[in-house]
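The block underneath contains the structure these notes are about, expressed in structure tokens.
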Amino acid sequence: LAKTTQPISMDSYEGQEVNITCSHNNIATNDYITWYQQFPSQGPRFIIQGYKTKVTNEVASLFIPADRKSSTLSLPRVSLSDTAVYYCLVGPGTTGRRALTFGSGTRLQVQP
Amino acid sequence: EAQVTQNPRYLITVTGKKLTVTCSQNMNHEYMSWYRQDPGLGLRQIYYSMNVEVTDKGDVPEGYKVSRKEKRNFPLILESPSPNQTSLYFCASSPRQGYGGYTFGSGTRLTVV
């Protein structure tokens, strides 16, 4: 079971770039890395998913080094509305049956 | 609109009274799962289903049952609820396990007294 470790909290200011790193030392060969955003009393929302190297979409980038033992979610130019909890999830790809375990998440606070 | 719908949003019940929380998705997703979220413990998976008639235990299945008779529905059943099952519950689905991320429902806040 791929356990993930993230910082408990981070603070930033509007307009800055925020990088949140997740450690997952025992990631399996077919595991994908996915990041979610959650606001209070709402379900988590998918941000980005990757397997290796770098993935970018309209809201974030995901950097995964060659050994895949960690990953970094990069949020460019954050705003107040990015204040939320961010979860890194390492889970099986399309094959294999295995339970999913979310980490404790990183609480990001964006200040004006 | 593509979505995962959970009902009810809020529920207060008494210990031992059987209840069902419904979950339905309209995206023809194969994979569905249930989570509970408690303060300081994050999201913990209760059960998951790879497809119709295929269900497996997650990390915290005790006290819960599920069924997957149709692709779109994945109800969570509490046969005899207890106060320690007071929690915020989320249902999620994805096209296949691990593919494209999970779409979560809006949550069901359950209180067992």
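Only a predicted model underlies this, so the values are computations on that prediction, with no experimental measurement involved. Scope of the values below: all heavy atoms of this structure, side chains included, with no hydrogens, waters or symmetry mates. Residue numbering restarts at 1 for every chain, and letters A, B, ... go by the order of the sequence lines.
Atom CZ of B/Arg44 sits in a crowded spot, with more than 12 heavy atoms from other residues, nucleotides or ligands closer than 6.0 Å. Within a 6.0 Å radius of CZ in A/Phe39, more than 12 heavy atoms belonging to other residues, nucleotides or ligands are found.
Looking at B/Tyr47, neither its backbone nor its side chain comes within 4.5 Å of chain A, counting heavy atoms on both sides. Contact of B/Gln37 with chain A is made through the side chain alone, with heavy-atom distances under 4.5 Å. Only the side chain of A/Leu89 comes within less than 4.5 Å of a heavy atom of chain B; its backbone N, CA, C and O stay farther away.
Of all heavy-atom pairs between B/Leu43 and A/Pro44, the closest is CD1-CG, 3.6 Å.
At a threshold of 4.5 Å between side-chain heavy atoms, the hydrophobic network of Ile, Leu, Val, Met, Phe, Trp and Tyr places B/Tyr89 and A/Tyr36 in two separate groups. Hydrophobic cluster membership differs between A/Ile33 and A/Phe63, with clusters built from Ile, Leu, Val, Met, Phe, Trp and Tyr side chains linked at under 4.5 angstrom. Side-chain heavy atoms closer than 4.5 Å link hydrophobic residues (I, L, V, M, F, W, Y) into clusters, and following such links, even through other members, never connects B/Val66 to B/Leu88. Taken together through direct or relayed side-chain contacts under 4.5 Å among Ile, Leu, Val, Met, Phe, Trp and Tyr, A/Val59 and A/Leu108 form part of one hydrophobic cluster.
Taking CZ of B/Phe104 as the reference point, atom CD of A/Gln42 lies at 13.0 Å (rounded to 0.5 Å).
With chain A as the partner, the residue from B/Arg109, B/Glu30, B/Gln6, B/Gln45 showing the most heavy-atom pairs under 4.5 Å is B/Gln45.
Side-chain contact between B/Tyr102 and A/Arg45 is absent, with no heavy-atom pair separated by less than 4.5 Å.
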